[in-house]
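Structure record follows, encoded as structure tokens.
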Amino acid sequence: MFGKNKNSVSSMTVKEKLALNKRPLKYVTERDSETYTERRLGENGAVNIMDGDFVLVCGGKDVIRCDIETVSVGFLMNLSGMTVKGLDKNSGKEMSVIAYFADKF
């Protein structure tokens, strides 16, 4: 209805996702769909693009690692961060996280 097709694989193109490489992150959270609470998955991290993967790393550990072609990435309305949704290669689970930028975008 408002310009975006719900069936689109991603709200960003691969080129736009590649532009986020090395972007510093303040912290990353995940919302529990049952209790509607957020838990912090990591702090002081960055976006890394490596070997065809879109990776959020905090404290030297992968928070989420998805194929760059299939991961869905979109900015928050206030541009203070982004949502990342996709199949995490490390856990094998579908994940949806919110990553907050360490600096103004």
Side-chain angles (χ1 to χ4, degrees):
M1 178 173 168
F2 290 100
K4 287 285 184 185
N5 181 356
K6 288 184 179 182
N7 295 328
S8 68
V9 173
S10 173
S11 57
M12 282 189 189
T13 65
V14 171
K15 185 177 179 180
E16 291 170 324
K17 294 174 199 173
L18 289 171
L20 293 170
N21 192 29
K22 308 281 190 237
R23 182 69 191 228
L25 301 174
K26 193 182 300 185
Y27 57 92
V28 178
T29 64
E30 181 179 35
R31 177 168 277 173
D32 184 341
S33 61
E34 293 178 13
T35 63
Y36 299 106
T37 59
E38 283 191 12
R39 66 183 178 105
R40 201 173 274 211
L41 300 177
E43 298 177 350
N44 301 321
V47 177
N48 286 331
I49 309 294
M50 57 181 112
D51 300 326
D53 289 343
F54 187 91
V55 187
L56 300 184
V57 178
C58 289
K61 297 183 181 180
D62 290 0
V63 174
I64 184 171
R65 176 183 289 265
C66 301
D67 183 79
I68 196 164
E69 296 283 337
T70 59
V71 67
S72 176
V73 180
F75 290 118
L76 299 177
M77 287 179 69
N78 64 3
L79 302 179
S80 66
M82 63 186 168
T83 60
V84 179
K85 297 177 185 178
L87 181 65
D88 180 36
K89 289 185 173 183
N90 295 328
S91 68
K93 297 187 312 185
E94 190 73 25
M95 289 184 70
S96 177
V97 300
I98 302 171
Y100 295 91
F101 298 131
D103 57 355
K104 207 66 163 156
F105 189 67

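Considering all non-hydrogen atoms of both residues, Met95 and Val97 come closest at CE-CG1, 3.9 Å. For Val28 against Cys58, the heavy-atom pair with the smallest separation is CG2-SG, 3.7 Å. Considering all non-hydrogen atoms of both residues, Asn21 and Ile49 come closest at OD1-N, 2.9 Å. Across every non-hydrogen atom of Glu16 and Met12, the tightest pair is OE1-CA, 3.2 Å.
In this structure, the side chain of Lys17 does not engage the main chain of Val73 through any donor-acceptor pair within 3.5 Å.
The list of ring pair (Phe, Tyr, Trp, His ring centres under 6.0 Å) pairs with a residue in residues 11-30, not counting sequence neighbours, reads Tyr27-Tyr100. A salt bridge (Lys or Arg N to Asp or Glu O under 4.0 Å) check over residues 81-98, counting only residues at least two apart or in different chains, returns the pairs Asp53-Lys89. Sorted by first and then second residue, the ring pair (Phe, Tyr, Trp, His ring centres under 6.0 Å) pairs with a member in residues 38-65 form an empty list; sequence neighbours excluded.
Under the 4.5 Å side-chain heavy-atom criterion for grouping Ile, Leu, Val, Met, Phe, Trp and Tyr, Tyr36 is not connected to Leu41 through any hydrophobic cluster. No continuous path of hydrophobic side-chain contacts links Leu76 to Ile64 [ILVMFWY only; heavy atoms under 4.5 Å].
Between atom CZ of residue Arg65 and atom CG of residue Asn48 there is a gap of 8.5 Å, rounded to the nearest 0.5 Å. Distance CD1/Ile98 to CG/Leu25: 12.5 Å, rounded to 0.5 Å. Here the CG-CG distance, from Leu56 to Asp62, works out to 9.0 Å after rounding to the nearest 0.5 Å.
Counting heavy atoms from C-beta outward, Leu87 and Thr70 have side chains that stay 4.5 Å or more apart.
For Glu30, the salt bridge (Lys or Arg N to Asp or Glu O under 4.0 Å) partners two or more places apart in sequence, or in a different chain, are Arg39. For Asp51, the side chain to side chain contact (heavy atoms under 4.5 Å, CB included) test picks out no residue, with sequence neighbours left out.
Here Met50 sits in one hydrophobic cluster together with Val55, Val57; the rule is ILVMFWY side chains under 4.5 Å apart, joined directly or through other members.
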